[in-house]
Amino acid sequence: MPARIRKKAETIHDAASSAAATSLPLHIQVRETIRRQVKDGELIDKTGRLMTEAELGRHFGVSRITIRNAISPLVNEGMFARARGRGTFLRSNQPENWVGKLMGFSETIRDAGYQAGAKVLQQGMTNRHDAGVRDQLKERAVWQLKRLRLADDIPIAIEHAFYPPDIGLELEKRDLTSIIMYSVFEDELGHAIKEANQTIGASLADTTSAKLLGVKVGSPLLSMERLTLSKDERPLELLRSVYLPDYFRLSINLTRRHA
């Protein structure tokens, strides 16, 4: 085994014996190491076939259940494809492409193989919001919902959403810890969604977000703002969120336009 691969494998093996010392479950550590090593051309053969679960278990020094839990989200993302009787293969034509599908937190987390959850931090009508909220929602008073979002009971995001009053008053009748927001918009409230405009950036954890997410003040976070519009161009939701970057990766396929 080349020294570079052995060193990475030993790192995961060490993590297996000290999982309590990290905020990330072992299968997530293994998953991200598989992701990195495969991109470096490791763990796969010339045909793109990934090592078997048994081989990966020996490679990383972990159980096959851990390997299975690590690989499943990568298959769901589209990085790998399973071929019955042949193995698991790298989809080299579009690994990890972000195709712009509009999904809420719960849908995204469940698709990645986790149990989604939430803790409501704040909710209700307010007129104490900034000009950005007022201008984008076109409302002087809005209904707000701030939640700590969980994946397998681990805090990984903070979402602060703002809604027109009529929508907010409907939402507060529902279980806000398990609600599938976009399904409620379309299937229950009759608001067909046309599109969402999303901006992604980086930020640093302040005292409040650091405490909620279990990280140090100043730790890097992924930040996002999304305005969701109905087919008649009505603003339905303005969502501002911060995420632990270990759990979210966005890749966009770019092509160069030639004359």
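These numbers were taken from a predicted model, which means no experiment stands behind them. Positions are given from 1 along the sequence. Worth knowing before you read on, the calculation uses all heavy atoms, side chains too, and leaves out hydrogens, waters and symmetry mates.
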**Q** For K146, check side-chain contact (heavy atoms from CB on, under 4.5 Å) against everything at least two apart and list the hits.
**A** L121, Q122, I158, H160

**Q** Report yes or no: does E186 contribute a side-chain atom to a donor-acceptor pair with the main-chain N or O of I193 at less than 3.5 Å?
**A** yes

**Q** What I want to check is whether the side chains of D206 and S209 have a donor and an acceptor closer together than 3.5 Å.
**A** yes

**Q** Quick one: side-chain contact (heavy atoms from CB on, under 4.5 Å) partners of D153, sequence neighbours excluded?
**A** none

**Q** May I have all residue pairs that pass ring-ring contact (aromatic ring centres under 6.0 Å, His included) and include part of residues 202-244, sequence neighbours excluded?
**A** Y243-F248

**Q** Check for a donor-acceptor pair, side chain of R226 on one end and backbone N or O of R240 on the other, with a separation under 3.5 Å.
**A** no

**Q** Roughly how far, to the nearest 0.5 Å, is the OG1 atom of T52 from the NE2 atom of H59?
**A** 12.0 Å

**Q** Sequence neighbours left out, what passes side-chain contact (heavy atoms from CB on, under 4.5 Å) with R128? Give chain and number order.
**A** T126

**Q** List, one per line, each side-chain donor-acceptor pair under 3.5 Å for residues 212-221, sequence neighbours excluded.
**A**
from, atom 1, to, atom 2, distance (Å)
S219, OG, K216, N, 3.3
S219, OG, K216, O, 2.7

**Q** Can you name the side-chain contact (heavy atoms from CB on, under 4.5 Å) partners of R82, sequence neighbours left out?
**A** I71, S72, V75, T88

**Q** Quick one: pull up CG in L50 and CG in L56 and give me the separation to the nearest 0.5 Å.
**A** 5.0 Å

**Q** Determine whether L236 and Y182 make a side-chain contact, defined as any pair of heavy atoms from C-beta on separated by less than 4.5 Å.
**A** no

**Q** Return the set of residues passing side chain to side chain donor-acceptor pair (under 3.5 Å) with R49 (not counting sequence neighbours), or none when no residue passes.
**A** none

**Q** For the pair D152 (side chain) and I154 (backbone), establish whether a donor and an acceptor sit closer than 3.5 Å, ignoring hydrogens and angles.
**A** no

**Q** I need the Q198 CD to E225 CD distance, nearest 0.5 Å.
**A** 10.0 Å

**Q** Can you pull the ring-ring contact (aromatic ring centres under 6.0 Å, His included) pairs that have at least one residue in residues 197-235, sequence neighbours excluded?
**A** none

**Q** Run the side chain to side chain donor-acceptor pair (under 3.5 Å) test against K194 and tell me which residues pass, sequence neighbours left out.
**A** E233

**Q** Given side chains that start at C-beta, do those of M181 and T228 come closer than 4.5 Å, heavy atoms only?
**A** no

**Q** Under 30°, 30 to 60°, or over 60°: which ring-plane class applies to W143 and Y163, parallel, tilted or perpendicular?
**A** tilted

**Q** Among residues at least two apart in sequence or on other chains, which ones pass salt bridge (charged side-chain N to carboxylate O under 4.0 Å, His left out) with D187?
**A** none

**Q** Could you list the residues that satisfy side chain to side chain donor-acceptor pair (under 3.5 Å) with D135, not counting sequence neighbours?
**A** none

**Q** Any pair with a residue in residues 194-215 that passes ring-ring contact (aromatic ring centres under 6.0 Å, His included), sequence neighbours left out, goes on the list, sorted by first then second residue, please.
**A** none

